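Lettering of chains follows the sequences in order, A, B, ..., and the numbering in each one begins at 1. Atom set for the values below is all heavy atoms of this structure, side chains included, hydrogens, waters and symmetry mates excluded. Quantities reported herein were computed from a predicted structural model and do not represent experimental measurements.
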Amino acid sequence: MTQGKIVTRFPPSPTGYLHIGGARTALFNWLLAKQNGGKFILRIEDTDKARSSEEATQAILESMEWLGLDWDEGPYFQSRRTPIYDAFIDRLLSSGKAYYCQCTPEELEKKREVAKSRGLKPKYDGTCRELGLGPEAGSVVRLKSPLTGKTHLKDLVKGSISFNNDELDDLILKRSDGSPTYHMAVVADDISLGITHVIRGDDHVNNTPRQILIYQALSESLPDYAHVPLILGPDKARLSKRHGATSVLAYRDMGYLPHALINALSRLGWSYGDQEIFTLDELIEKFSLENVGKAAGVFNAEKLLDLNAHYIKEAETLSLAKALLPFLDRLGIKDPDPNLVAKAVDTLKIRCKTLLEMAEGALFYFQEDMSYEQKGDQKFLKPAFLDLLEDLRRRLEQWTDFTEKGLEELFIAFMDAKQIKLGKIAQPLRVALTGKTASPGIFEVMNVLGKEKVLERIRKAIDHIQKKVNE
RNA sequence: GUCCCCAUCGUCUAGUCUGGUCCAGGACACUGGCCUUUCACGCCGGCAACACCGGUUCAAAUCCGGUUGGGGACGCCA
C-alpha cells in the first residue's frame with residue numbers, strides 16, 4: 001500500500017483551541033513523517049462555515065508553532081478547495097456511485113426519531129436512492145453505498161475490524177448549499193494530497209468504513225490507517241473543557257515548557273519499554289505505531305508537572321531566563337536586567353516546577369520595596385534577633401567578597417563568635433532579604449542581590465523590628 | 001437502542017502476538033528515612049495491579065469463550 005515517501009497530515013477543524021488530544025494526534029503524525037524523511041501536512045477543515053473562526057485557526061497555528069510541530073506543506077483550507085471536491089463528486093455522480101436526494105433535514109430528523117424509538121439504528125432509509133433525481137435547488141448528493149457485504153479496516157494499532165455494510169447508510173457527500181461534507185472533503189483531500197498514513201483519534205473508527213466506501217466508489221487505493229485511543233479525563237470520560245486545562249496554549253501560559261508537553265503527550269498511549277524521558281531526536285527515532293496501545297488513557301497532569309520540573313532543571317540558564325521574561329512581565333517586572341534574571345534563574349531552577357512559579361519565586365530579587373510574609377515577619381523579625389542582625393550587618397559592611405564561598409567564610413567566623421548555629425541567623429536574614437521563610441540558599445541570595453541591596457534590606461528589617469519595639 | 005473498540009498498581013505503562021525467566025518491572029502520586037541554613041534537589045526504602053467466571057495446558061497476566069465494567073460512533077458537525 002505504501003511505497004515511497006510517507007505523507008501524514010493533521011487536519012484540525014477551527015472550531016476551538018488546539019487541545020491535548022489533538023496535539024498528541026498531531027505529534028504522532030509529525031513523528032512518523034520525521035522518522036521516515038516524509039512530509040507532514042497541515043490542513044484546516046473549515047467546511048462548517050458557521051462554526052469555524054479565524055481566531056481558532058490562529059490559536060491552532062500558534063499552538064503548533066509553540067510545540068515545534070512544523071509542517072512541510074499547508075496550511076490548506078478546505079473552504080478554498082471547493083473545485084477539487086466538486087470534481088470528485090462529479091466523478092461519483094457520472095459513474096452512478098452517487099445520486100441526488102431531496103429529502104429535507106426535517107424529514108430526515110423525523111425518520112431518525114422514529115427509528116430510534118423503535119430501537120433501530122437511525123440511518124437514511126434510501127427514499128431517493130433509485131429515483132434518478134437531477135440537481136435541483138435544495139438537493140444534496142448522497143453516496144450509493146453497497147447494501148450487503150462487509151467493509152474491512154486493517155488498522156495499524158487496532159488490528160482488523162469489519163463492519164456490515166447494512167450498518168452504513170448513504171451518507172451525504174455534498175450539502176444543499178454546494179459545500180462538501182466532512183467525509184467527502186477528507187477523502188478528496190487525502191487522495192489529492194497523496195496522504196499515505198492517516199493517524200487519528202479512536203472516535204473516527206466508525207467513520208472509517210464510510211470513507212473506505214468512498215475510496216472504493218472512486219477506485220482509489222486506501223491510505224494506511226492508525227486509530228489511536230482517546231484521552232480521558234480523571235472521571236474516565238473523554239477529555240474536555242470541564243476537566244480543567246485542556247488547551248495547549250493554557251499550558252504555555254501556566255509556564256510549561258513545550259518539550260515537557262511533547263514528552264508527556266508522547267507517553268500517553270505510546271511507550272518504549274521503561275523509558276520516560278525522551279529528547280526530540282529520541283522520539284523521532286524510537287516512535288512506532290506498533291508500540292501504541294489500544295486502551296484509552298487518563299491524562300495525568302501531575303506527571304506532566306513532574307516532567308516540566310525535570311526539563312526546567314535541565315534547561316540552559318539563558319534560554320530559561322528568556323522564557324521567564326513574559327511571566328515576570330505579567331507580574332509587573334518590566335525590562336529587568338538580563339544579568340540579574342539569569343542569576344535568579346540559576347538559584348531557582350531546581351526548586352520550581354513551572355515558569356510561573358519561578359517568576360513568583362524570583363519577584364523578591366527585583367522588587368525595590370517588597371513586603372514581608374506574615375508568618376516570617378512574626379517569627380523572625382522580632383527583637384530577639386535585633387542584635388544578631390545588627391552585628392551581622394556591621395561585619396558585612398566591612399566585607400568585600402560577596403561570592404558564596406566568601407560569604408560562607410564570613411558566616412563561619414560570625415557563628416563562631418556568637419556561638420550559634422547557622423539556622424539561628426539564616427532564617428531572620430532570609431526573611432529580611434526575601435520577605436519569605438522559604439527561598440534559595442541564603443549565600444546564593446546574597447550573592448545575587450549584591451552587597452548594596454543586602455545591606456539596605458537588613459537595614460530595613462532592623463528598622464522594621466525597632467518600630468515594633470517602639471509600639 | 002444498534003454497531004465498533006477496550007480491560008495490569010490511584011494514574012501513565014512494561015510484559016500479552018512468540019504460554020514457563022512475572023508470588024508481575026518502571027514512572028508519577030502518596031509515604032518512611034537520609035542529606036540539610038529554609039524550601040526544594042538528590043539518595044535509600046515502602047505502599048499498591050493481572051476486572052470476574054469458565055475452558056485449553058504439565059504450566060495462563062499471556063490462548064479461547066462468556067459475564068461485567070468502561071469508552072466511542074450512529075448529523076446537510078468534524
To the nearest angstrom, how far is [X] atom [atom1] from [N] atom [atom2]?
X: A/Ile350; N: B/rC39; atom1: CD1; atom2: P; result: 13 Å
X: A/Asn300; N: B/rC12; atom1: CG; atom2: C1'; result: 6 Å
X: A/Leu268; N: B/rU13; atom1: CG; atom2: P; result: 6 Å
X: A/Leu410; N: B/rU37; atom1: CG; atom2: P; result: 17 Å
X: A/Lys123; N: B/rC3; atom1: NZ; atom2: P; result: 12 Å
X: A/Ile161; N: B/rG72; atom1: CD1; atom2: P; result: 16 Å
X: A/Phe278; N: B/rA27; atom1: CZ; atom2: P; result: 14 Å
X: A/Glu444; N: B/rC41; atom1: CD; atom2: C1'; result: 11 Å

So, are [X] and [Y] salt-bridged, with charged N and O less than 4.0 Å apart?
X: A/Lys303; Y: A/Asp306; answer: no
X: A/Arg142; Y: A/Asp169; answer: no
X: A/Glu282; Y: A/Lys286; answer: yes
X: A/Lys294; Y: A/Asp202; answer: no
X: A/Asp203; Y: A/Arg238; answer: yes

Any base atoms under 4.0 Å from [X], or only sugar-phosphate, or nothing? Heavy atoms, all strands.
X: A/Ile442; value: base
X: A/Asp48; value: sugar-phosphate
X: A/Gly441; value: base
X: A/Asn207; value: base
X: A/Ser179; value: nothing
X: A/Cys101; value: nothing
X: A/Val205; value: sugar-phosphate
X: A/Pro440; value: base
X: A/Phe443; value: base
X: A/His204; value: base
X: A/Glu167; value: sugar-phosphate

[M] and [N], which share atom name [atom1], separated by this distance in whole Å:
N: B/rG10; M: B/rC17; atom1: P; result: 25 Å
N: B/rG25; M: B/rC77; atom1: C1'; result: 44 Å
N: B/rG42; M: B/rC6; atom1: C1'; result: 40 Å
N: B/rA61; M: B/rA51; atom1: P; result: 10 Å

Does [X] make a side-chain donor-acceptor contact with the base of [N], cut-off 3.5 Å?
X: A/Arg351; N: B/rC39; result: yes
X: A/Arg267; N: B/rU13; result: no
X: A/Lys303; N: B/rC12; result: yes
X: A/Ser439; N: B/rC39; result: no
X: A/Asp202; N: B/rG72; result: no

Under 4.0 Å between a side-chain N or O of A/Arg112 and OP1 or OP2 of B/rC76? yes

Quick check on B/rU11: is either OP1 or OP2 less than 4.0 Å from any side-chain nitrogen or oxygen of A/Lys236? yes

Pairing partner (Watson-Crick or G-U wobble, both distances under 3.5 angstrom) of B/rG32: B/rC44

Could you please spell out the steps behind the side-chain hydrogen bond (donor to acceptor under 3.5 Å, both in side chains) verdict for A/Thr148 and A/Asn165? CA-CA 5 Å; A/Thr148 58; A/Asn165 287 340; over 6 Å; no

Which nucleotide, B/rG72, B/rA78, B/rC5, lies nearest any side-chain atom of A/Asp203? B/rG72

The single option from A/Arg430, A/Lys349, A/Arg351 passing salt bridge (Lys or Arg N to Asp or Glu O under 4.0 Å) against A/Glu444: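 Single salt bridge (Lys or Arg N to Asp or Glu O under 4.0 Å) partner of A/Glu444 among A/Arg430, A/Lys349, A/Arg351: A/Arg351.
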
